[in-house]
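Below is one structure, written out as structure tokens, with a few remarks after it.
The basis for the numbers below is simple: all heavy atoms, side chains too, and nothing from hydrogens, waters or symmetry mates. The chains referred to below are lettered A, B, ... by the order of the sequence lines, with proteins before strands, and numbering in each begins at 1.
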Amino acid sequence: MLYKGPYDPNKTEPEILKFWQENNFYKPEYNPETDKIMSFEEMKKDSRPPFSIINPPPNAYDRPHIGNISGYAYQDLFGRYNRMKGKKVLLQPGKDHAGQEGEAVFIKNELKPKGKEKKDFTREEFYKATYEYNEKNMALALKDEIRVGLSADFDRNLFTLDPKIVDTVLDTFMQMYRDGMVYKGVRIINWSPGMQSAISDNDTARIEREAELIYIKYPLEEGKDFIEVATTRPETMLGDTAVVVDPNDKRYSKLIGKYAVLPLINRRIPIIANGKVNQEFGTGAVKLTPAHSNDDYYMTEEWNQLTEQLERKPDAKGRVITEALGYVPKSKIEYWKKIRKEVGKIPYINVIWKDLKMCGPIGKYKGMSIDEAKAEVRKDLEKLGLISKIEKIKQNLTICDRTKTVVEPMMSSQWFIDVNAKDFRQKAIEAIEKGLKNPEAEDAVRIHPSSMAEKALFWLNNLRDWPISRSIWWGYRIPVWYKGEPKEEINKEGQIVQTIGGVEIKNLIEDGKTEAEEKELIKVQVGSPGGGWVQDTDCLDTWFSSGQWPYATLTAGNLMDTFYPTDVMETAYDILEVWVCRMIMFSLYRTGKIPFKNVYLHGLIKAENGQKMSKSKGNVVSMDDIVNQYGADTLRLFYLVGNKAGAAYRVDWEKIKGNRNFLNKIWNASKFSLMNLEDFDPNEKIEITNEEDKKFIEEIKNLTKETTNHLEKFRPGLAAADIYDHFWHTFADIYIETAKPRLYTKDKEGKPINQEGESLKRRKSAQYTLWSSLKTYLQLLHPFIPFITEAIWQELPKQKGEKETIMYSK
RNA sequence: GGGCAGUUAGCUCAGCUGGUAGAGCACUCCCUUGACGUGGGAGUGGUCAGAGGUUCGAAUCCUCUACUGCCCACCA
């Protein structure tokens, strides 16, 4: 019998947890028919249809935050729902090492308080200490996952740096290398002076600040005229290699194809056109510094690639088709050809290096700091009378999100993934498009809500080659070995020169076959090739490993044949692009299959005032704040009821209390039902005599149908809201009240009633209705609020063959 | 600059395939003691941001406008 008084989750939930865990219900090996644990092989052969979810691994260094836990509520909902549908369910848990961030947190939380720094350790010591720190915290995280009732197979918990995972991840790197998809290339990167490392675009932020826009006159090669450019960074003019204008800008049309002479340096630089230049801004003419500006870099790339295609035969109208621009008119081709012939490719000239000092072919400015050079260049230009005006503007500046230092765009050799090779991204695009147009297709990835699919496609369509090296120690060290120390320097001409053991290397990696390989200076393999070989010092970007998480975990568990592709990827919408898209790309490349059939994106939880939760704002609500007071079921209801995919929602204590009240309502209505079912045997044949009973049973059937439909269509919030509402306001408020006169066995004076004849029949009819509807409610509710439903289920009279646990009831 | 959302009762938000506006909280009145006061009943309160269109019928579909939020980005 259920205990008296209000429902107390802190009493019930731990008992239920123990029951589930002792019976191994979370394992796909649990056999509900025999109530025994199958062997691994038996489980694989078991004919129940498989259902799997890979739990997104939270960062290992900390307890999961309230957002991670919300994910578990959804993942567990899908898992429990499918288990009750008779499927063989695997929820695969894990933890992420979180690369750059994991390293930063370890240093801040562990080393700093002890007065230590990273450089006090050798690389091996540091890695070991970080690993231990993460292992310790991972244990805490696991406790939280268990506490909220996540029915994942925790014996299978995996860490991204587990050797079994490492094997798969590094193997992918090597395979991609052989396929010509990873290369070490000199490209523009975001250099974070704070991190002393290249950082990805995702790790940058923008700030607005005041800046001086300086108008500089560049003398034209012919005549005494000038072309005027505007810049906030005069020091970078030392690395200018062209001036760019809008092709439709009439002011400059005559100058396109001519040359200017770079002041201070006297370099002859062409004037070219590119539609990305904005006529309105500054003078409408841009100085092109490809080595130190993202914009300029990509404009230069485009120019060089397009003009390279000029060899192609023109059509009858004299046009040439190019991959990027379609047909290029004859007028354009002429000046392209001229400049291409005269200067070849537009070069990159590096004038700033990682120590933030000036370098390259820049005369007296060499060795100055950026600020010194800025002042000096300005002074010298003024002397020459080449500065025409200075204007204050608001400028958007890129900063390093973690260290808040200003990002310095510069060129450096980094490992990259060619996102176009082997249709790496194209296949992902197709899978997502299929999810929109032909969702039933085998290889379609359906994204819920579907509007988010557009976001994913937008990202994929605009994706550039992905830099994957990071200057950190915490992570997968790049499995590349050099014969001697690799070095990177800027020479007198401002060109980056790479050497391995003193031997100069051009095109370190290209198309899988490289000069370095031919000279036996480089090897790509996991273990050391032997004495004299030096491993690359960088680690792989953390998304390189987490992007492989679904098949890496299942490969580690030897479960690919049984559970891949997985059924649902359930995660927060803010990592749709950086994580979900990458998983799709990797999986299609590596396994030829989609990693998951559905993506469900839950909303982000905001603080009470609607702001983002953050430690610095002090508005973080932890799982403990809610669970300790109201229990895990209440927290789960808060995540689920009425919420929709992709929408943000706020912590709302009134709603949370309301959910707690709902649990109490379930508890009391069940208590009432059980009291009136003490003499009821569901195995007896019972006739439903009353119209209202028939009607109510019919209603329950409809509710089941509707909520099932909601769940199948990935609308868990509506399903939860419907059951919540129906239980409370139809079952408890109406049905039970109307059935009371038929259920009572004594009247107000204490005389027996409903004990025989027709009135007894009516009572039995009500009992059956009460029993069967409560049973159905519990089953419908179980995926949302597993604890209380299990506790009541166990007290409910059973029909022959019915399960002890609601988890495997059908 | 581009992309994606949102704008519904005083507040926080639902509203799936178009069919007479919903919940919780708040507010007003009432009822309850043998499941539950963490309860029950009744009620107040909205021209569903604005304009136009499609339709027998639009909060729902289309177009435009305004505002808010998020993300991306190559204005020197």
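Applying the side chain to side chain contact (heavy atoms under 4.5 Å, CB included) rule to Asn462(A) yields the partners Phe458(A); only residues at least two apart in sequence or on another chain are considered. Considering only residues two or more places apart in sequence or on other chains, Ala645(A) meets the side chain to side chain contact (heavy atoms under 4.5 Å, CB included) condition with Pro449(A), Tyr600(A). For Trp793(A), there are no ring pair (Phe, Tyr, Trp, His ring centres under 6.0 Å) partners two or more places apart in sequence or in a different chain. Tyr218(A) pairs by the ring pair (Phe, Tyr, Trp, His ring centres under 6.0 Å) definition with nothing, not counting sequence neighbours. Considering only residues two or more places apart in sequence or on other chains, Thr307(A) meets the side-chain hydrogen bond (donor to acceptor under 3.5 Å, both in side chains) condition with Arg340(A). With sequence neighbours left out, Asn661(A) forms a side-chain hydrogen bond (donor to acceptor under 3.5 Å, both in side chains) with no residue at all. Shown here are the side-chain hydrogen bond (donor to acceptor under 3.5 Å, both in side chains) partners of Asn709(A), two or more places apart in sequence or in another chain: Lys713(A).
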What pairs of nitrogen or oxygen atoms, one from the protein and one from nucleotides 10-16 of chain B, lie under 3.5 Å apart?
unit_1	atom_1	unit_2	atom_2	d
rC13(B)	OP1	Arg650(A)	NE	3.0
rG15(B)	OP2	Lys644(A)	NZ	3.2
rC16(B)	O2'	Arg715(A)	NH1	2.3
rC16(B)	O2'	Arg715(A)	NH2	3.3
rC16(B)	O2	Arg715(A)	NH2	3.1

Could I get a table of every N or O pair under 3.5 Å where one atom is in the protein and the other is in nucleotides 59-69 of chain B?
none

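Comparing rA35(B), rG2(B), rC74(B) by their nearest atom to the side chain of Asp295(A) picks out rC74(B).
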### Message
For Watson-Crick and G-U wobble pairs within 3.5 Å on both distances, what is RNA chain B written in dot-bracket notation, | included for inter-strand pairing?
### Response
(((((((..((((.....[..)))).(((((.......))))).....(((((..]....))))))))))))....
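Residues of residues 726-733 of chain A that place a heavy atom closer than 4.0 Å to RNA chain B, in numerical order, are Trp728(A), His729(A), Ala732(A), Asp733(A). Non-hydrogen atoms lying under 4.0 Å from RNA chain B are contributed by nothing in residues 570-584 of chain A.
Side-chain N/O atoms of Tyr744(A) include one lying less than 4.0 angstrom from OP1 or OP2 on rA35(B). Taking 4.0 angstrom as the limit, Asn278(A) places none of its side-chain polar atoms (N or O) nearer than this to OP1 or OP2 of rA76(B).
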